[in-house]
Number of protein chains: 2
Amino acid sequence: MTKPTKTQANRAKTEAGILRAAEEVFAQKGFAGSSMDAVAQQAGISKQLILYYFPGKDKLYQAVLENMIDLWLEKMQFNDDPEASPACTIRQYIQQKIELSRDYPNGSKVFAHEIINGAPVLKTYLIENLKPAFERDVKIIERWIAAGHIRPVDPKHLFFTIWAATQTYADFSTQIQLLLGKPSLEQDDFNEATEFLCNFVLSALDAQH
Amino acid sequence: MTKPTKTQANRAKTEAGILRAAEEVFAQKGFAGSSMDAVAQQAGISKQLILYYFPGKDKLYQAVLENMIDLWLEKMQFNDDPEASPACTIRQYIQQKIELSRDYPNGSKVFAHEIINGAPVLKTYLIENLKPAFERDVKIIERWIAAGHIRPVDPKHLFFTIWAATQTYADFSTQIQLLLGKPSLEQDDFNEATEFLCNFVLSALDAQH
DNA sequence: GTCTATAGTAGGATAGAC
DNA sequence: GTCTATCCTACTATAGAC
């Protein structure tokens, strides 16, 4: 029993290494701009070996997306705590979205490429999974508005704005680094972004906080 | 004199057609994912003819960027009217940024690809042209804050948020269409976005309006 | 200026030894 | 599982006729 287990462990380790490498390369160059050779070099193996683990570039790309999509969609939804106040819920939401940009900048960029290119792979998945969650969260906002907990705003555009504002720290990090004059975004920058955005959004909504 | 003028006019017309086609193709697939054939087909001519007008794919891509960058950078800066109130200045700013996303969605996506990929072509240009304008506008915000015209916020992150929130209607239009259940974004959607964002930002800043 | 033909090459994928 | 060798398609770019 030890033998196959060890083999499987090695296989999993190699696969994970390939996925990590692929995520980085796809993030920087997009799907079409990335060669299997580039991924192989990043992973420190041969491209033939990648094709042994993933039967085609398409499949590798899909695996990269699948590897992150659950975490990704989870963070695009409110935590389901009906007890929490609007201010707390939104603050935590923004915080987690910024953390996602900080901890998975490559994954974020891969998604950005995918969406800009018209979501050829993810379209169906987004309709089936993101859309219902989105509509549920829109209703939550509407209930807060009806109850007078926050200022009346269009909930749909509120989400579009929060998503854009949080993801820009991953997707457009190059531009932000350029303008801040920094070689890379550090913990301080993400803290500043979080503080700014939380205060900004909560002020705009006039949520009790 | 009529002959060369007419020839030049034709040349300009063909060039413009190629640039429009290239902008659309690059927007959808990125630089690496776009073939000269695809651009040619979109423009309704042969790829050899494109190479006659633009000596290489790189040059064509650069021409597409150059064709829009001045307009682009202009809209990322405040209109220089020292008389205008903060509320008016910001409202007009957001309005114009949304209009840019509405009128030039392809150009916006090409820029998005370029920035996500690390701005290999535009980096220098952004440092030399966007950065000084950005720092000037940050100072304007700081003066408004010091004068008590708007709530104290971090001006840098304010710009990052406004840019992200306005550009998302071009760059991430696929996702927004999916969630709104629409085949394309219409004038109404951009109007809603503008109204939401103006009110949202001005409320957050507590600018007199 | 616009066409046909073609050179040259990068990159995805397969075959087969070990 | 990992390697070497190789095939084949797609694409950029050039040459040259008209």
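Residue numbers begin at 1 in each chain, while the letters A, B, ... track the order of the sequences.
Using a 3.5 Å distance cut-off with no hydrogens or angles, the side chains of B:Q28 and B:K109 do not pair a donor with an acceptor. No side-chain N or O of B:R20 forms a donor-acceptor pair with one of B:Q42 less than 3.5 Å apart.
Between A:F134 and A:F160, a ring centre-to-centre spacing shorter than 6.0 Å is recorded. Ring-centre distance between A:F78 and A:F159: below the 6.0 Å cut-off.
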Revision key, fill the gap. Scoring nucleotides 10-15 of chain C by protein non-hydrogen atoms under 4.0 Å (B base, S sugar-phosphate only, - none) yields --BBB-

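Near DNA chain C, meaning a heavy atom under 4.0 Å from it, residues 18-25 of chain B has no residue at all.
Backbone-only engagement by B:Y53 is indicated by non-hydrogen atom pairs under 4.0 Å involving sugar-phosphate atoms exclusively.
A parallel orientation is assigned to the rings of B:F196 and B:F200, their planes being inclined by less than 30° (bins at 30° and 60°). Relative orientation of the A:H157 and B:Y169 rings is tilted, given thresholds of 30° and 60° on the angle between their planes.
Side chain of A:E114 to main chain of A:L122: a donor-acceptor pair is present (N/O by atom type, distance under 3.5 Å, no hydrogens or angles). A donor-acceptor contact shorter than 3.5 Å links the side chain of A:K57 to the backbone of A:S34.
Dashed line: the shortest gap from a side-chain N or O of A:S46 to OP1 or OP2 of D:dT2 is not under 4.0 Å.
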Between the protein and nucleotides 16-18 of chain C, which nitrogen or oxygen pairs come in under 3.5 angstrom?
none

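We find that A:R11 and A:E15 are joined by a salt bridge, their nearest charged nitrogen and carboxylate oxygen being less than 4.0 Å apart.
Remark: C1' of D:dT4 and CD1 of A:I45 are 16 Å apart, rounded to the nearest angstrom.
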